[in-house]
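Take a look at the structure below.
Proteins get letters first, then strands, A, B, ... in listed order; numbering begins at 1 in each.
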Number of protein chains: 2
Amino acid sequence: MESHSPNPSAGPTRHTGIPSNDGDADHFCSSCAFAEACSIAGYGKPELNDLHCLVEHVGPFEPGQRIFRAGDAFRALFAVRDGMIKTTLVDAEGREQVLGFYLPGELVGLDAIYPEHYPCDAIALETTQCCRFSFPAMSALAARQPKIQQHLFRLLSKELGSASLLAGDHSADERLAAFLIDLGDRYAARGLSGTEFRLSMARADIANYLRLAAETVSRVLGRFREQKLIAIDGRKVALLDTPRLRELARCVLNA
Amino acid sequence: MESHSPNPSAGPTRHTGIPSNDGDADHFCSSCAFAEACSIAGYGKPELNDLHCLVEHVGPFEPGQRIFRAGDAFRALFAVRDGMIKTTLVDAEGREQVLGFYLPGELVGLDAIYPEHYPCDAIALETTQCCRFSFPAMSALAARQPKIQQHLFRLLSKELGSASLLAGDHSADERLAAFLIDLGDRYAARGLSGTEFRLSMARADIANYLRLAAETVSRVLGRFREQKLIAIDGRKVALLDTPRLRELARCVLNA
DNA sequence: AAACTCTGTTGTTCTGAGTCAACACGCGGC
DNA sequence: GCCGCGTGTTGACTCAGAACAACAGAGTTT
């Protein structure tokens with residue numbers, strides 16, 4: 001592990017309901033996957049309370065710890081509050097396959113609804129805290145609150161659209177440019193810098209996610225640096241020439 | 001076009017509601033994407049009527065005709081009644097990318113919910129008839145009928161899971177074996193033969209869908225024939241050794 | 001029946017990315 | 001300090017599949 005938290009509490013801790021002393025709740029909630037649903041429902045109204053009552057804070061999870069495992073019964077969706085999660089599939093031959101990376105505000109577990117079991121492992125990449133949304137409670141609420149139902153449909157459909165992107169056959173350069181631009185855009189949507197951020201995942205994870213060899217990722221990032229497209233030092237990256245990167249990424253990202 | 005229907009009516013025809021003389025309605029509905037939702041609701045009950053009232057039969061569409069185009073406003077989901085549909089994305093460079101093939105009973109358009117516009121073209125590969133489900137009416141019904149809401153969540157989640165499959169990095173042999181096995185399984189789920197069926201799409205479409213060159217598809221199919229895994233004549237294919245094919249496909253298909 | 005088009009197959013060459021291997025760096029433990 | 005370990009970078013070689021090209025068969029058109 002690159003950085004190991006000095007926090008002595010090894011396992012995840014659980015808080016039922018919303019702690020009253022949660023100072024950053026408002027900040028987090030404003031960029032959470034359900035922010036839109038909440039604001040439509042109207043802060044302070046009973047509907048919002050309904051939504052908050054089915055939420056549970058879980059964590060912290062230390063790097064490498066699993067939030068859920070492939071095969072576990074599906075009970076809940078998880079929104080990342082802080083940190084980062086990767087989801088991985090282990091295929092018949094035992095090879096790991098990275099399906100996605102989830103930033104704060106994003107929702108993990110939507111692909112578990114149909115099989116009713118999580119199809120993949122969810123693994124913390126950094127010290128990570130989550131909101132746990134009970135899915136039965138969530139569906140019940142969605143049935144009463146059309147806006148929330150609509151929101152869930154949209155979240156599912158959105159993930160469906162982005163899943164198609166990685167599927168195309170693109171060069172290593174295009175894939176990496178798209179990866180960096182996409183991460184940047186997602187950080188920006190969260191209100192953080194979209195041009196300077198930390199890659200929480202190892203090069204091998206990036207490579208696996210993009211279906212490339214780790215060596216190829218190294219080489220392409222090196223070339224991008226030579227071409228002054230990015231500055232990169234370890235896991236700290238800065239996008240220097242977003243227009244050219246976006247141009248490279250265009251055929252991957254745009255539908 | 002390989003086979004051109006002699007049907008003189010060029011454009012798609014529309015029937016509002018369910019024609020009373022639709023002899024095969026029951027047969028089709030029993031294998032449609034909403035069959036489960038209908039049977040849960042209970043045939044003959046008012047809920048089923050609700051569902052049927054928001055359905056419209058559209059078609060026939062002739063091969064090459066579009067059911068919807070990328071960019072069209074999203075109003076409805078389409079279930080294939082008869083024939084076959086491919087969905088294709090046209091990227092910035094104008095290159096076509098096949099996203100999926102849809103058999104009778106399957107639902108097209110779920111990826112349009114989020115963007116509120118169809119992200120891709122839907123093109124008939126054979127003379128094709130569809131059921132058109134108005135999405136606003138569908139959501140309204142889902143809000144009243146939790147089972148139907150649940151069913152839609154499941155359909156979305158299912159498609160999300162299968163989208164991950166093609167994303168893996170697999171050899172041409174594995175991809176083609178998985179493609180054939182998957183098609184067979186889907187035909188079988190529909191009540192048709194899972195080992196002998198027609199490939200409605202051109203080799204170039206298969207290749208594009210699997211992110212291979214058309215020549216590679218030809219060669220691999222030829223090799224499969226030599227190895228007596230399949231018998232293939234033009235677009236008619238028979239799976240001769242499903243166990244071995246399934247073994248080949250294993251790391252692609254199984255999660 | 002010749003010319004054309006569309007689809008599919010086969011042969012040859014070429015290349016992007018994988019694989020194997022060596023090595024550099026930072027970090028924690030002894 | 002030294003060692004081991006995980007992570008990342010770089011170089012040399014290999015290979016699966018792409019690209020290019022030629023051609024065959026089946027329909028259509030003239």
Please report the shortest heavy-atom distance between B/Leu221 and B/Arg203, naming the atom on each side. CD1-NE, 3.6 Å

B/Leu125 versus B/Pro63: any side-chain heavy-atom pair under 4.5 Å? no

Contact class for A/Leu221 (heavy atom, under 4.0 Å): base, sugar-phosphate, or nothing? nothing

Grab the NE2-C1' distance between A/His170 and D/dA18 for me, whole Å please. 16 Å

With sequence neighbours left out, write down each residue that passes ring pair (Phe, Tyr, Trp, His ring centres under 6.0 Å) with A/Tyr118, or none if nothing qualifies. A/Phe68, A/Phe74

Would you kindly give the CZ-to-P distance between B/Arg175 and D/dA16, to the nearest whole Å? 15 Å

Rounded distance (Å) that lies between atom P of C/dA17 and atom CG of B/Leu212: 15 Å

With the criterion being N/O to N/O and under 3.5 Å, what pairs connect the protein with nucleotides 20-23 of chain D, and how long is each?
residue, atom, partner, partner atom, Å
D/dC20, N4, B/Glu215, OE2, 3.1

Closest-nucleotide ordering on DNA chain D, the 5'-leading residue of A/Asp169 and A/Ile232: A/Ile232

Take the protein atom CG of A/Leu176 and the nucleotide atom P of D/dG8, then report the distance between them rounded to whole Å. 13 Å

Partner set under side-chain hydrogen bond (donor to acceptor under 3.5 Å, both in side chains) for A/Ser162, not counting sequence neighbours: none

Between B/Arg235 (CZ) and D/dG25 (P), how many Å, whole number? 19 Å

Among all residues two or more places apart in sequence or in another chain, which pass the salt bridge (charged side-chain N to carboxylate O under 4.0 Å, His left out) test with B/Glu247? B/Arg250

Return each pair, listed once, that meets salt bridge (charged side-chain N to carboxylate O under 4.0 Å, His left out) where at least one residue sits in residues 179-189 of chain B; pairs must be two or more places apart or across chains. B/Glu106-B/Arg186, B/Asp182-B/Arg186, B/Asp185-B/Arg246

Does any pair with a residue in residues 69-80 of chain A pass side-chain hydrogen bond (donor to acceptor under 3.5 Å, both in side chains), and if so which ones, sequence neighbours excluded? none

Could you check A/Asp173 against B/Ser218 and say which one's nearest nucleotide on DNA chain C is further toward the 5' end? B/Ser218

So if I take residues 201-211 of chain B and measure heavy-atom distances to DNA chain C, which residues fall below 4.0 Å? B/Ala202, B/Arg203

Of all residues at least two apart in sequence or in a different chain, which pass the side chain to side chain contact (heavy atoms under 4.5 Å, CB included) check with B/Ala188? none

Would you mind reading off the distance between A/Arg225 atom CZ and D/dG8 atom C1', rounded to a whole angstrom? 11 Å

Let me know the distance between CZ of B/Phe224 and C1' of C/dT9, rounded to the nearest Å. 17 Å

Filter on salt bridge (charged side-chain N to carboxylate O under 4.0 Å, His left out), then keep only pairs touching residues 204-227 of chain A, sequence neighbours left out; what's left? A/Lys86-A/Asp205, A/Asp173-A/Arg223

